[in-house]
Participant: 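Have a look at this one.
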Amino acid sequence: MGWAIALHGGAGDIPRSLPPERRQPREEALRHCLHVGVQALQANMPPLDVVELVVRELENIPHFNAGKGSVLTNNGTVEMEASIMDGNTMKCGAVSGLTTVVNAVSLARLVMEKTPHIYLAFDGAEEFARQQGVEMVDSSHFITAENIERLQQAKEANRVQIDYTQPIQNDTKKETPFANGDSQIGTVGCVAVDSHGNLASATSTGGLVNKMVGRIGDTPIIGAGTYANELCAVSATGKGESIIRGTVARDVAALMEFKGLSLIEAANCVVHERTPKGTVGLVAVSAAGEVAMSYNTTGMFRASATEDGFSEIAIWPAAKIE
Ligand code: ASP
């Protein structure tokens, strides 16, 4: 039994034609964030701190759909959401509808630790952020030129989407690849376990391109986008509505608990047998230090490492970068 960590930068229909100038910065970001997480685990940082640290790093990188780089609502605004869960204590925290908070995952942790509640949203969450003195900025900080273009294309196609080939609405519409071949950016998440079997999970997102103002996805919903208990920690990505319906993160833990499946069997069962194709990906670790990174989309930006020296950064199947 040793430590293990896995992180993702979103699942979706990631074209293999993704140009190097679009692919490489994300690979670099995954490598950097994996390194940050591995160093923290090696320094005996508790997994809850590790997942918060790594997700904060990912939120600060505009190549991913969380924090700076969050995709836009149908009003051209950002509404960020995140959650975090500690497997040991089953304590968890979640936030939605953030427009000015730099690191949503850290506010979720404060909800978990400083309030009698689990989930704060919109004005109440922003007010709580002010009270706690977390870093807040003008909401224009989060809006990138790429996301203005993504929203424009989504509006033209009348779609709500994680990308341009997996429409949620108007499935009959012709697919419209993003002009620069970069149609996919994703939610971020991290799961970690230490050598004592302590587990934690965190997930953060801007949601879906062209989502309705007020829409809440799976990311902040405990048991859907994020879950951790004494058996495993799970962070999901993909179409929030499918992930919520499938209680994806909790189902992985439930299959281990009630059916005695291994982490990998449970993750594969949820992703390949219980969730519609093209809708979900997840990263998970078990108390024994196993890693699962399953997805039923074309690809998933992902990275993992274990104490015994295994390390991987990948986007598509059999396209291992490291
Ligand atoms: N699951 C996120 C949502 O539906 C999107 C993503 O994972 O990219 O809000």
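Since we're looking at a predicted model, the values are computed, not measured. We count ligands from 1, going down the list as the structure has it; atoms in each ligand are counted the same way.
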Participant: Near Thr187, which atoms of ligand 1 are under 4.0 Å from a heavy atom of that residue?
Facilitator: 2 (C), 5 (C), 6 (C), 7 (O), 8 (O)
Participant: Could you verify whether a donor N or O on one side chain and an acceptor N or O on the other, from Ser201 and Tyr227, lie under 3.5 Å apart?
Facilitator: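 No donor-acceptor contact under 3.5 Å links the two side chains.
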Participant: Taking 4.0 angstrom as the limit and counting only heavy atoms of Gly238, give me the atoms of ligand 1 inside it, by number and element.
Facilitator: 1 (N), 2 (C), 3 (C), 4 (O), 5 (C), 6 (C), 7 (O)
Participant: Please determine if Gly217 has a nitrogen or oxygen closer than 3.5 Å to a nitrogen or oxygen of ligand 1.
Facilitator: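 No - when backbone and side-chain N and O of Gly217 are compared with those of ligand 1, no distance drops under 3.5 Å.
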Participant: For Asp218 and ligand 1, does the shortest N/O to N/O distance drop below 3.5 Å?
Facilitator: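 By distance alone, the answer is yes.
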Participant: Under 4.0 angstrom from ligand 1, any heavy atom of Arg215?
Facilitator: yes
Participant: Do Arg130 and Glu127 meet the salt-bridge criterion of a basic N to acidic O distance under 4.0 Å?
Facilitator: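 Yes, this pair counts.
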Participant: Determine whether the side chain, the backbone, both or neither of Thr237 has a heavy atom under 4.0 Å from any heavy atom of ligand 1.
Facilitator: both
Participant: List ligand 1 atoms under 4.0 Å from Gly207, heavy atoms only on the residue side.
Facilitator: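 Listed by number with element, the hits are 5 (C), 9 (O).
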Participant: Output yes when the distance from some N or O of ligand 1 to some N or O of Ile243 is under 3.5 Å, and no in every other case.
Facilitator: no
Participant: Could you tell me if Asn158 and Asn210 have a donor-acceptor pair between their side chains, going purely by distance under 3.5 Å?
Facilitator: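 No, no side-chain donor-acceptor pair sits under 3.5 Å.
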Participant: Indicate yes or no for a side-chain donor-acceptor contact from Glu126 to the backbone of Thr100 under 3.5 Å, with no hydrogens or angles considered.
Facilitator: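 Here the side-chain-to-backbone pair exists.
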Participant: When you compare ligand 1 with Glu81, is there at least one nitrogen or oxygen pair between them that comes in under 3.5 angstrom?
Facilitator: no
Participant: So is Gly10 touching ligand 1 or not, going by heavy atoms under 4.0 Å?
Facilitator: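 Gly10 does not count as a contact of ligand 1 under the 4.0 Å cut-off.
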Participant: Might you point out which heavy atoms bring Arg302 and Trp316 nearest each other, and give the distance in Å?
Facilitator: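 So the two residues come closest at NH2-O, 3.1 Å.
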Participant: Report the C-alpha separation of Lys211 and Glu241 in whole Å, then their side-chain angles, then the decisive distance to 0.1 Å, and conclude whether the salt bridge (charged side-chain N to carboxylate O under 4.0 Å, His left out) test is met.
Facilitator: CA-CA 12 Å; Lys211 67 181 181 180; Glu241 285 68 12; over 6 Å; no
Participant: Would you kindly say whether Ser235 and Thr203 are connected by a side-chain donor-acceptor distance under 3.5 Å?
Facilitator: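 Result is yes, a qualifying pair exists.
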